[in-house]
2 protein chains.
Amino acid sequence: MAPSIQRDRRADTRERILAAAAEVFAENGFAGAGVDEIARRCGVNKAMLYYHVGDKQTLYTAVLVRNIDRAREVIEAALEAARDPEERLSAMLRALTTIVREAPAYHRLVLREMASGGAHLEHEVLLRFVAIVGLTRRVMEEGRAAGVFRDLNPFLIHLLLIGGVIATAAQPLRRRLVESGLFAPEQQPDAPGDPAEFLVDVILNGIRSPASGGVVS
Amino acid sequence: MAPSIQRDRRADTRERILAAAAEVFAENGFAGAGVDEIARRCGVNKAMLYYHVGDKQTLYTAVLVRNIDRAREVIEAALEAARDPEERLSAMLRALTTIVREAPAYHRLVLREMASGGAHLEHEVLLRFVAIVGLTRRVMEEGRAAGVFRDLNPFLIHLLLIGGVIATAAQPLRRRLVESGLFAPEQQPDAPGDPAEFLVDVILNGIRSPASGGVVS
DNA sequence: TTAGTTATACTAACCGGTAAGTTTTTCTAT
DNA sequence: ATAGAAAAACTTACCGGTTAGTATAACTAA
């Protein structure tokens, strides 16, 4: 029962809207993002945008839900492919780094929500954030049970992972700093190696239980 | 010559404007912050705000410069009071945590600039950010020279410190999450202990050279 | 017919910035 | 010391432009 062509068109339009909205929200924040600009950027009439998605807040929530869900899928896939807790934590760091680099708009929205105290986050979105905290919690508890991780507050660990990954892997501000030419040549903040491997190195060493071996690299 | 009464008044007015502006910019971002709202909140007429400080961008830069300078003073004082590199890095983490908690508006502005890629940062501000990176760099190089720290990219270390501290010590989003009642009771993300000591524990262990002793706590 | 689509135009509210004029403080000349 | 000029601080009211959201009318394709 259904004109699948039309349904595909509908889904495709919605997709283009959400992608453009993610960019504009990321660049300018909720207040700074213009609905006209979003419509213009994805080649969709503004009225059509309201027809397909809804008002600005609804659009914003839809963008976040879509991105969080994709992120959770990536993280879960990475966790399932890893065997022991150490590998799982490394996999998580690498997955988070990948998400930051390949879906740059998303982490910028997260940063903005951290700044605003979640002013524009609806229940639906909060729920999904909490679910992702649960993934880190599980890894940490498995590691502690196996004796390879120290007994550390998993919520703080989660925040450290998120904050560390976003700060080290994010490109926009780093680009701005490098382009400003303010760094001395020998400081070379660009080409800082893979942030993911750096984080795996430092954070895993920081979390590891002393019994299970010290610094590897 | 000494129009000290008026000069004090002038300085005080400017101070009140900058304090209110910091809050409003932190809450709503550059685009979302209303000049009227800032004026209202500090009890200063809007035209007077333009008279004392300047337009919105000038005001924003003034807020950032003031907060970065204060932050650098706090960090430098903490570093000077510490003896060896390990103490210095711990002192830096504690100082950063204090800054996040006692001047909550500032780190929210930093988060917003990380999100926007420094879209509203003028040269004056970038310069100061780079100077703070230099503080971390110095500590790391001293530690490496003394053989107590591993050879890690100091720029990435700096980003990890900033990101880790802001993510773990920031209150606004955490409050929102806790108030949403989405966490199971046993997860208790509130009362997570002192984030500063948590970070000193994890990150210092992650950075320490294997030769200089392993996990302490 | 009907759902999707476009283009245009409208509204009501808001926002950054300014002009013009008033009051207060400080400086200066006598 | 004090009148009066000069400078600084302040208020009110307003302007031009933008924005979220809606309405309408015409068009397209299933």
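Treat the numbers as computed from the prediction; the structure is a model and nothing was measured. All chains are named by letter (A, B, ...) in the order of the sequence lines, taking the proteins before the strands, and each is independently numbered beginning at 1. Computation of the quantities below employed the complete heavy-atom set of this structure, encompassing side-chain atoms and omitting hydrogens, waters and symmetry-equivalent molecules.
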Completion exercise
Taking C:dA7, D:dG21, C:dG17 as options, the one with an atom nearest any side-chain atom of B:Tyr50 is C:dG17

Handout entry: Under-4.0 Å side-chain N/O to phosphate OP1/OP2 contact, A:Thr13 with C:dT5
Key = yes

Practice task
Starting from the 5' end of DNA chain D, give me the residue, A:Lys46 or B:Gly43, whose nearest nucleotide shows up first.
Solution key: B:Gly43

Problem - B:Val44 vs A:Phe30, nearer the 5' end of DNA chain D by closest nucleotide - result: B:Val44

Handout entry: Modelled atom types, side-chain donor and acceptor of B:Glu87 and B:Ser90, under 3.5 Å
Key = no

Handout entry: Nearest-nucleotide pick for B:Ala47, side chain only, options being C:dG17, D:dT22, C:dT18
Key = C:dT18

Exercise for the section: Say whether A:Gln57 and A:Thr61, considering side chains only, have a donor N or O and an acceptor N or O under 3.5 Å apart. Expected result: yes

Problem - Interatomic distance, B:Asp55 CG vs C:dG16 C1' [rounded to whole Å] - result: 9 Å

Completion exercise
Minimal heavy-atom distance between B:Ala169 and B:Pro195, with the atoms involved, is CA-CG, 4.1 Å

Exercise for the section: Answer whether the closest heavy-atom distance between the side chains of A:Asn28 and B:Phe30 falls below 4.5 Å. Expected result: no

Exercise for the section: Using atom CD1 of A:Ile38 as one end and atom P of D:dT19 as the other, report the distance to the nearest whole Å. Expected result: 12 Å

Handout entry: B:Glu27 and B:Arg41 ion-paired at < 4.0 Å
Key = yes

Problem - Residue B:His52, side-chain heavy atoms: nucleotide from C:dA7, D:dA9, D:dG21 that is nearest - result: D:dA9

Exercise for the section: Can you tell me the distance, in whole Å, between the OH atom of B:Tyr51 and the P atom of D:dA7? Expected result: 12 Å

Exercise for the section: Just call it for B:Ala33: base, sugar-phosphate, or nothing, with non-hydrogen atoms closer than 4.0 Å on any strand. Expected result: sugar-phosphate

Fill in the blank from the handout: In whole angstroms, the gap separating P of C:dT8 from CE of A:Met48 amounts to 17 Å

Fill in the blank from the handout: A:Asn45 CG to D:dT28 P, in whole Å, measures 16 Å

Problem - Atom-to-atom span, CG of B:Leu49 to P of C:dT18 - whole angstrom - result: 12 Å

Completion exercise
Which of C:dC15, D:dA9, D:dG21 is nearest the side chain of A:Lys56? It is D:dG21

Problem - Value in whole Å for how far the C1' atom of C:dC14 lies from CG of B:Asn28 - result: 14 Å

Exercise for the section: Quickly work out the B:Asp36 CG to D:dG17 C1' distance and round it to whole Å. Expected result: 15 Å

